[in-house]
A.B. asks: 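I have a structure I would like to understand better, so I am pasting it below and will then ask my questions one at a time.
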Amino acid sequence: MDFLISDEQKQLQDLIHQFIQKDYPFDVREKLVKSEDGFSKDFWKTFSQFGLLAMPFSEEDGGYNGGPVDVMIILEAFGTGLIVEPYIPNIVLSGNLVSKLGTKEQKDSILPNLLDGDMQLAFAFSEPQSRFDLNDVTTSAEEDGDGFKLNGFKSVVMNGPAADKLIISARTSGSQLDKNGISLFIVDRDTKGVSLRDYSNIDGSKASELTLENVVLTKEALLGDLGKAFSTIEEVVNLATLAISAEAIGIMQKMNELTLEYTKTREQFGQALSQFQALQHRMVDTFMVHEQTKSLLLMAAAKMNDKSDDAVKSISALKYQVGNAAKLIGEEAIQLHGGMGVTEEMSIGHYFKRLTTIRTIFGNADYHLKKYSSL
Amino acid sequence: MDFLISDEQKQLQDLIHQFIQKDYPFDVREKLVKSEDGFSKDFWKTFSQFGLLAMPFSEEDGGYNGGPVDVMIILEAFGTGLIVEPYIPNIVLSGNLVSKLGTKEQKDSILPNLLDGDMQLAFAFSEPQSRFDLNDVTTSAEEDGDGFKLNGFKSVVMNGPAADKLIISARTSGSQLDKNGISLFIVDRDTKGVSLRDYSNIDGSKASELTLENVVLTKEALLGDLGKAFSTIEEVVNLATLAISAEAIGIMQKMNELTLEYTKTREQFGQALSQFQALQHRMVDTFMVHEQTKSLLLMAAAKMNDKSDDAVKSISALKYQVGNAAKLIGEEAIQLHGGMGVTEEMSIGHYFKRLTTIRTIFGNADYHLKKYSSL
Amino acid sequence: MNLSFSEEDLKFQSEVRSFIKENYPSEIKEKMDNGTPVSKEDIVTWQKILSKKGWFAINWPEEHGGSGWSVTQKFIFQNELAEANTPNIVPFGVSMCAPVIYTFGTEEQKERFLPDIRDNNVWWCQGYSEPGSGSDLASLKTKAEKKGDKYIVNGTKTWTTMAQHADWIFCLVRTDSSGIKQQGISFLLIDMKTPGVEVKPIITIDGSHEVNMVYLDNVEVPAENLIGEEGAGWSIAKFLLAHERTGIGGIPHLKREIRRLRQISEELPLNEGFLKDDQLFMDKLNKVEIDLLSAEFTELRTLASISAGGHPGPESSILKIGGTDLQQSLSDLYVEALGYYAHPFMSEEDLKSNEKRIGPDFAANVMPHYLNYRKVSIYGGSNEVQRNVIAKAVLGL
Amino acid sequence: MNLSFSEEDLKFQSEVRSFIKENYPSEIKEKMDNGTPVSKEDIVTWQKILSKKGWFAINWPEEHGGSGWSVTQKFIFQNELAEANTPNIVPFGVSMCAPVIYTFGTEEQKERFLPDIRDNNVWWCQGYSEPGSGSDLASLKTKAEKKGDKYIVNGTKTWTTMAQHADWIFCLVRTDSSGIKQQGISFLLIDMKTPGVEVKPIITIDGSHEVNMVYLDNVEVPAENLIGEEGAGWSIAKFLLAHERTGIGGIPHLKREIRRLRQISEELPLNEGFLKDDQLFMDKLNKVEIDLLSAEFTELRTLASISAGGHPGPESSILKIGGTDLQQSLSDLYVEALGYYAHPFMSEEDLKSNEKRIGPDFAANVMPHYLNYRKVSIYGGSNEVQRNVIAKAVLGL
């Protein structure tokens with residue numbers, strides 16, 4: 001057993017931290033969030049040059065064979081800088097689906113562009129009633145001549161506004177909750193019958209609602225085997241859950257640091273806030289909770305790396321704990337910042353907002369507690 | 001709306017507080033707990049003279065027509081002195097059952113003795129698998145000639161060791177969880193086939209396990225209508241739940257006071273413990289929790305008094321909160337007492353033990369949360 | 001002890017209920033029910049309706065237009081207002097400034113200011129906090145120098161709620177810096193139209209403009225606008241904070257909100273059923289409901305004891321902590337109820353427009369509400385300061 | 001990063017498992033499994049079995065008989081011991097006194113004391129706390145006056161665990177009162193048979209006799225029993241507390257206990273089914289299990305970093321808080337699992353007798369365990385003091 005990351009991984013981590021320090025200060029991030037795109041296509045290219053976009057893909061797909069630990073390292077570092085560029089929707093979810101299930105033609109038309117940072121993807125897997133259940137799919141894909149006809153509604157399509165292509169889960173057989181009968185389709189955003197309603201999220205990210213009305217697709221649009229997509233969807237969402245947990249843990253670390261710093265300088269009743277024992281003990285608690293949650297992150301990443309039997313269960317343990325830790329650390333950080341914590345002006349509130357949405361994304365604490373219990 | 005108790009109720013409260021101060025200091029209580037009986041029959045007579053034993057009964061039963069608020073006042077005061085005399089098993093449970101369901105003969109043979117303090121009763125309603133569900137009864141009573149034959153096993157018969165007579169719930173029809181088909185029987189402790197295994201509890205109270213082997217009873221042993229006892233059992237247990245909650249709240253108040261006092265005198269690092277802000281804030285929290293739980297106590301007592309529609313729901317809200325508050329206040333009091341809190345020598349640990357058993361008695365927090373949700 | 005309503009109480013309840021039903025303007029109700037932000041005009045309109053009926057300044061002494069109601073009647077009234085989802089009463093004039101004026105002001109001041117507050121002709125805001133003094137209120141630095149019959153005021157106030165709408169501001173100012181910090185503070189009323197008063201918005205993390213910086217640059221204030229003696233400001237502030245905290249918990253509103261959430265749980269689709277099938281969620285909802293009962297009856301006990309001759313003291317700190325904890329818990333439960341649909345962000349303008357919202361209609365306010373409600377454990381004396389108050393005043397530490 | 005066991009690790013694991021299987025005396029195992037208190041003799045017997053195999057003083061330097069094992073091997077070993085439900089190793093000699101001796105002692109002291117500890121010939125206890133000094137250890141008052149080649153020791157030690165079994169006690173004593181309280185403390189070894197040493201039981205709320213008062217009345221101690229310099233006691237104490245805390249969490253034992261509770265939930269009747277049908281209970285069990293995973297991997301990370309050259313420092317405070325929280329939560333869950341059957345009280349004598357117990361066999365220990373475990377957040381430096389340590393050493397406050 002060892003918990004050390006490799007020298008290459010350390011370099012990767014340093015690279016991102018340097019990028020944040022030099023090129024991604026809070027005011028730059030704020031401008032990006034308020035821009036039309038909501039993120040920087042230039043930085044996205046930079047990430048491609050850093051090798052981040054190619055990281056999790058196999059060498060034959062043009063990647064670096066990175067594993068869950070590498071994804072964890074990237075996202076944890078991203079978290080500390082509150083990076084808004086859509087790595088998870090593009091790379092961890094969509095790119096991975098194409099890499100795992102795509103035909104040679106599908107891969108060739110997508111992966112090189114994705115890895116070069118020239119193409120944006122989004123994965124539409126959620127519906128209003130499905131909440132966090134990936135098997136709850138009512139959007140239908142009927143076989144139609146040589147191809148398919150899609151009808152339905154997808155909610156919360158992360159990175160939908162920027163996406164050139166969408167990967168959509170739809171039911172080709174079975175009833176609403178069946179794990180069998182779910183298929184994936186790759187659809188250009190300007191296909192007839194596809195309409196996207198784009199919107200901004202409270203955390204600075206962007207998403208879309210997707211309506212599908214008699215969308216006619218050729219059979220080449222099918223990604224993977226007909227009706228057999230569920231296990232791969234689950235697999236990439238598990239990796240994305242690890243990734244977003246790592247991001248959360250980067251955020252928590254940063255929020256704890258910012259809070260500690262703030263309480264050391266802010267005076268009340270003639271002394272720094274950090275000198276009040278009641279506040280000290282609370283900061284010790286948030287420090288400990290971050291450490292303990294990070295331990296679960298390392299555990300889950302290692303178990304995914306090893307393809308261990310209990311890897312999926314570990315992911316649920318992790319996301320459950322991330323949900324709780326995010327609430328505690330986020331709320332305490334704001335409280336200890338006092339009034340300043342609730343202003344748009346300081347970065348702490350923006351970390352808080354992202355941390356708060358992560359509590360929900362890919363399943364909240366309750367959901368993962370139930371999943372953990374059932375495994 | 002008013003929260004004031006009457007002058008008579010205030011006098012009752014003062015009477016008990018004076019008794020505790022004068023006659024029931026901690027060392028006296030400790031001797032009683034270690035005695036053969038486990039409580040004082042003399043004090044029990046004193047309580048009779050005070051009118052406490054007659055309080056909840058109607059005037060025609062020889063009582064004072066006291067309501068839930070009076071029971072609450074008595075038990076809350078008892079809690080502050082950690083009084084171990086078996087008021088709830090005798091008066092609130094058994095006496096009330098006889099008063100509500102008994103024939104004239106049954107009442108005449110029991111109530112005067114009970115109210116004079118000359119007879120001890122116990123109510124056997126629990127079985128190992130029933131946990132807190134009063135309708136879960138497997139002990140059977142078959143009709144047998146002109147009378148009944150009882151077989152089965154009852155656990156946790158509070159005050160069993162002292163009881164002259166037992167009131168036993170048994171199934172005369174229906175299946176294990178049916179609310180219909182439960183009957184009550186009054187049984188002398190020396191009846192053939194009745195065997196009691198007496199034991200002491202961690203909180204200083206005493207109880208028994210009761211085995212019934214072909215216990216033959218005449219039809220006069222039946223208390224109330226055949227198979228119709230459930231609603232009355234539930235009614236008296238609800239009152240007992242209010243009573244024991246009141247006791248808990250008396251204990252919590254006392255534990256908070258003892259802790260505050262202790263931290264004011266105990267010095268560490270050159271100052272009284274009470275001067276450490278982190279501890280101050282925790283004592284504020286335990287103070288507030290006691291106040292808030294007491295508010296629910298008053299609410300539930302008033303609603304029971306008014307026979308309000310949501311009285312039963314209020315009892316569950318109360319006992320749920322008592323369960324939580326007891327854990328918080330009990331554990332914090334011990335922690336703030338440090339090592340001294342875990343010695344037999346100081347009273348605080350004995351308050352803690354009683355408060356801890358009350359968390360369970362008549363249903364723990366989880367049980368009452370579920371019951372609250374279902375009502 | 002008796003917690004049921006009397007016959008008269010029930011009659012009063014139905015009178016209040018009918019009055020609201022008949023007089024609550026439907027266009028305001030619609031906005032409130034849809035989560036569309038209400039305007040200043042909406043608020044004033046509704047408050048004037050109450051004023052006209054004599055049901056606005058209910059807690060005031062009767063001589064100045066108070067209601068003379070019992071604790072029970074006030075409880076019923078507040079519950080009915082909340083139940084009907086009327087806009088919250090803006091407290092700065094009626095519940096904060098006015099009690100100071102009728103308690104500490106001269107007859108002239110009472111005549112000059114109270115009627116306009118009671119009749120909703122003047123909008124007040126509160127100038128307490130400063131950039132360097134948050135919970136440590138007494139460390140405030142805004143200076144008022146007496147020059148002839150005027151004070152010249154210089155300083156900066158912050159977190160001033162709805163200052164953008166206000167006609168007047170009541171301020172704590174420093175008239176003397178020589179003693180300990182609690183001394184030398186005075187209570188001064190300032191007309192916002194006076195030259196040198198400038199209001200600058202603070203945008204909060206929910207994206208709303210509710211609070212402001214108020215800059216005071218050589219503002220000339222007539223000496224007659226001083227309430228109480230020079231240097232009496234700290235006692236007045238303490239008096240007022242206790243008043244503020246008593247009402248801060250917002251229990252009646254929370255009761256309505258929790259019922260609404262229960263309703264939502266029966267309507268929000270989840271898989272083949274509804275949110276109510278999620279037992280873990282419902283457990284939390286039930287827990288909050290029980291906590292709310294505790295808080296409600298604690299408030300009632302306190303109000304009863306105040307009406308029996310007490311004065312709001314440290315008890316109000318207990319109510320403040322309890323109430324704000326609940327506000328925060330419940331706002332978080334709404335976020336959980338919505339799942340992903342708590343994330344889309346709509347600006348105030350978006351909300352006022354007719355554009356269809358993302359997700360269920362009630363969703364748009366949920367996350368902003370959660371974020372905004374972080375403030376409730378910070379303002380009005382942070383909950384940490386309240387704990388210090390209780391430790392000192394109640395536990396004797 | 002790699003958290004799987006290597007081939008050699010797995011081989012080691014099966015070696016440990018077989019050894020325990022073959023050598024763990026069945027009469028001790030039976031007591032442990034039934035919750036019958038084990039005797040001093042039982043503990044010594046088992047520890048000697050480990051000593052003989054060279055598996056007792058595993059953390060010591062190899063020159064003194066340590067194992068030289070990797071962090072992973074130690075982890076495996078501790079897990080296997082816990083899994084087999086062997087008696088806990090009594091730490092006072094092997095894990096507390098010995099590290100002080102081999103770190104700070106002279107060669108003579110090492111030769112004189114270490115072999116008897118390693119071979120379980122001598123039982124040690126710890127003389128730290130005093131009636132007036134709990135978490136504020138440095139305020140201790142027990143006085144050791146140098147007279148010729150002896151110290152004359154006077155004072156009272158308290159909370160001395162298992163002093164009734166002990167041959168020797170290691171004490172913090174005050175050899176100088178002139179400086180600040182951390183100065184002038186020395187570390188002294190005292191033979192319990194010396195005249196003037198008297199042990200008096202303290203009965204704890206679980207009814208057990210585990211801790212004691214130790215009275216020291218003009219006890220003559222040879223000066224050669226001093227470890228380190230006079231006045232070095234405080235540095236030694238800090239060194240030792242860090243050592244103590246690292247192991248205090250008892251994670252391997254907790255893992256076994258939680259699995260056992262899951263087993264119990266499948267066997268304990270509840271209505272027509274079993275306790276496992278109580279979802280609220282199972283939720284809590286699962287939450288504790290996840291917390292335990294967090295604690296376990298936090299401990300592993302810490303041990304890994306220590307073995308990479310670190311020294312147990314403030315991290316051990318984190319482990320202590322995390323581990324003791326879990327011990328308490330889990331002991332409370334056992335109480336909840338049992339319902340009413342947690343209440344009957346059996347004395348140690350009752351438990352040793354053959355009398356049938358009230359309720360399920362495992363029930364008798366459950367409440368005593370909960371009550372006894374209140375101590376774990378108090379001893380070894382209370383969790384409040386640990387938070388102060390972390391605040392200072394880690395957060396720089």
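First the proteins, then the strands, lettered A, B, ... as listed; each starts at 1.
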A.B. asks: Given that the side chain runs from C-beta out, which part of Glu127(A) has a heavy atom under 4.5 Å from chain C: side chain, backbone, both or neither?
C.D. replies: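 Interface part for Glu127(A): neither.
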A.B. asks: Does any backbone or side-chain atom of Ile361(A) lie under 4.5 Å from a heavy atom of chain C? Answer side chain, backbone, both or neither.
C.D. replies: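 Backbone plus side chain of Ile361(A), per the 4.5 Å heavy-atom cut-off to chain C.
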A.B. asks: Over all heavy atoms of both residues, which pair between Tyr341(C) and Ser155(A) is shortest? Give the atoms and the distance, please.
C.D. replies: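 Looking at all heavy atoms of both residues, the shortest contact is OH-CB, 3.2 Å.
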A.B. asks: Taking everything shown except Lys352(C) itself, do over 12 heavy atoms lie less than 6.0 Å from its NZ?
C.D. replies: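 More than 12 within 6.0 Å, yes.
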A.B. asks: Where do Lys181(C) and Phe269(A) come nearest, in terms of heavy atoms and distance?
C.D. replies: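 Looks like NZ-CA, 3.7 Å.
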A.B. asks: Considering only heavy atoms, which portion of Phe276(A) lies under 4.5 Å from any heavy atom of chain C: side chain, backbone, both, or neither?
C.D. replies: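 For Phe276(A), neither part sits under 4.5 Å from chain C.
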A.B. asks: Could you tell me which portion of Leu270(C) (side chain, backbone, both or neither) has an atom closer than 4.5 angstrom to a non-hydrogen atom of chain A?
C.D. replies: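 Contact with chain A involves both backbone and side-chain atoms of Leu270(C).
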A.B. asks: Let's test your reading of the structure: which of Ala207(A), Gly338(A), Ser130(A), Gly341(A) forms the most heavy-atom pairs below 4.5 Å with chain C?
C.D. replies: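 Sorted descending by pairs with chain C, the first entry is Gly338(A).
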A.B. asks: In Å and rounded to the nearest 0.5 Å, what is the NE2 to CD1 distance from His337(A) to Ile378(C)?
C.D. replies: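 Spacing of NE2 (His337(A)) from CD1 (Ile378(C)) equals 10.5 Å.
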A.B. asks: With a 4.5 angstrom heavy-atom cut-off, is it the side chain or the backbone of Thr138(A) that approaches chain C, or both, or neither?
C.D. replies: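 The answer is neither part of Thr138(A).
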A.B. asks: What part of Ser377(C) gets within 4.5 angstrom of chain A, counting heavy atoms only: side chain, backbone, both, or neither?
C.D. replies: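 For Ser377(C), heavy atoms of backbone and side chain both lie under 4.5 Å from chain A.
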A.B. asks: Just give me the residue among Asn135(A), Val156(A), Leu279(A), Asn364(A) that pairs up with chain C most often, heavy atom to heavy atom, under 4.5 Å.
C.D. replies: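 So the answer, after comparing Asn135(A), Val156(A), Leu279(A), Asn364(A), is Val156(A).
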A.B. asks: Quick one: what part of Arg354(A) sits under 4.5 Å from any heavy atom of chain C, side chain, backbone, both or neither?
C.D. replies: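 When you check distances to chain C, no heavy atom of Arg354(A) falls under 4.5 Å.
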A.B. asks: For the interface with chain A, which of Arg387(C), Met346(C), Glu272(C) has the highest count of heavy-atom pairs at distances below 4.5 Å?
C.D. replies: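 The option with the most such pairs is Glu272(C).
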A.B. asks: Measure the shortest side-chain to side-chain distance between Lys284(C) and Asp366(A) over non-hydrogen atoms and say whether it is less than 4.5 angstrom.
C.D. replies: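 Yes. Closest side-chain heavy atoms under 4.5 Å.
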A.B. asks: Looking at chain C, which one of Thr360(A), Leu369(A), Thr357(A), Asp136(A) has the largest number of heavy-atom pairs inside 4.5 Å, strictly under?
C.D. replies: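 Between Thr360(A), Leu369(A), Thr357(A), Asp136(A), the count favours Thr357(A).
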A.B. asks: Is Phe274(C) in contact with chain A via its backbone, its side chain, both, or neither, using a 4.5 Å heavy-atom distance?
C.D. replies: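 Neither part.
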A.B. asks: Looking only at heavy atoms, which two atoms of Arg131(A) and Ala337(C) are closest? And how far apart?
C.D. replies: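 So the two residues come closest at NH1-O, 2.9 Å.
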A.B. asks: Output, in order, the C-alpha distance, side-chain angles, deciding distance and verdict of salt bridge (Lys or Arg N to Asp or Glu O under 4.0 Å) for Arg359(A) and Asp332(C).
C.D. replies: CA-CA 11 Å; Arg359(A) 283 172 55 194; Asp332(C) 189 34; 3.0 Å; yes
A.B. asks: How far apart are the C-alpha atoms of Gln268(A) and Glu384(C), what are their side-chain angles, what is the distance that settles it, and do they pass the side chain to side chain contact (heavy atoms under 4.5 Å, CB included) test?
C.D. replies: CA-CA 12 Å; Gln268(A) 294 277 277; Glu384(C) 289 78 16; over 6 Å; no
A.B. asks: Check this for me: Glu345(A), atom CD, are more than 12 non-hydrogen atoms of other residues, nucleotides or ligands nearer than 6.0 Å?
C.D. replies: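 Counting other residues, nucleotides and ligands, CD of Glu345(A) stays at 12 neighbours or fewer.
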A.B. asks: Output the distance between atom CD1 (Ile205(C)) and atom OG1 (Thr356(A)), rounded to the nearest 0.5 Å.
C.D. replies: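 Here the rounded value is 8.0 Å.
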A.B. asks: Relative to chain A, which segment of Pro131(C) carries a heavy atom at a distance below 4.5 Å: side chain, backbone, both, or neither?
C.D. replies: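 Backbone only.
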A.B. asks: With a 4.5 angstrom heavy-atom cut-off, is it the side chain or the backbone of Ser133(C) that approaches chain A, or both, or neither?
C.D. replies: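 It is the backbone, since no side chain atom gets that close.
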A.B. asks: If you measure from NZ on Lys370(A) to CD on Gln279(C), what distance do you get to the nearest 0.5 Å?
C.D. replies: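 Those atoms lie 9.0 Å apart.
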A.B. asks: Please rank Lys353(A), Gln335(A), His350(A) by heavy-atom pairs under 4.5 Å with chain C and give me the top one.
C.D. replies: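 Winner by heavy-atom pair count: Gln335(A).
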A.B. asks: Is the shortest side-chain N to carboxylate O distance from Lys327(A) to Glu336(C) below 4.0 Å?
C.D. replies: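 A salt bridge is absent here (no side-chain N lies under 4.0 Å from a carboxylate O).
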A.B. asks: For the residue pair Phe345(C) and Tyr199(A), is the inter-centroid distance of their aromatic rings smaller than 6.0 Å?
C.D. replies: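 Judged by ring-centre distance (under 6.0 Å), Phe345(C) and Tyr199(A) do not meet the cut-off.
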A.B. asks: Which answer fits Met346(A), side chain, backbone, both or neither, if we ask what part of it has an atom under 4.5 Å from a heavy atom of chain C?
C.D. replies: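 Looking at Met346(A), nothing touches chain C.
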A.B. asks: May I have the step-by-step check of side chain to side chain contact (heavy atoms under 4.5 Å, CB included) for Leu280(C) and Tyr367(A), ending in yes or no?
C.D. replies: CA-CA 9 Å; Leu280(C) 287 174; Tyr367(A) 176 81; over 6 Å; no
A.B. asks: Run the side chain to side chain contact (heavy atoms under 4.5 Å, CB included) check on Tyr373(C) and Val342(A) step by step: do they pass?
C.D. replies: CA-CA 9 Å; Tyr373(C) 265 24; Val342(A) 295; over 6 Å; no
A.B. asks: Counting only heavy atoms closer than 4.5 Å, note whether Lys356(C) contacts chain A via side chain, backbone, both or neither.
C.D. replies: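 Both backbone and side chain.
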A.B. asks: Within the structure provided, determine whether Ile358(C) and Glu209(A) are in side-chain contact (heavy-atom separation under 4.5 Å).
C.D. replies: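 Touching, per the 4.5 Å side-chain cut-off.
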A.B. asks: Can you name the closest pair of heavy atoms from Gln176(A) and Asn271(C) and give their distance?
C.D. replies: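 In terms of heavy atoms, the two residues are closest at NE2-O, 3.2 Å.
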A.B. asks: For Leu371(C) and Ile202(A), what are the C-alpha separation, side-chain angles and deciding distance, and is it a side chain to side chain contact (heavy atoms under 4.5 Å, CB included)?
C.D. replies: CA-CA 10 Å; Leu371(C) 295 171; Ile202(A) 192 82; 3.7 Å; yes
A.B. asks: Of the backbone (N, CA, C, O) and the side chain (C-beta and beyond), which part of Leu275(C) lies under 4.5 Å from a heavy atom of chain A, both, or neither?
C.D. replies: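 When you check distances to chain A, only side chain atoms of Leu275(C) fall under 4.5 Å.
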A.B. asks: Where the side chain of Tyr340(C) meets the backbone of Phe362(A), is there a donor-acceptor pair that is under 3.5 Å apart?
C.D. replies: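 Present.
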A.B. asks: How about CD on Glu267(C), more than 12 heavy atoms from neighbouring residues, nucleotides or ligands closer than 6.0 Å, or not?
C.D. replies: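 More than 12 within 6.0 Å, yes.
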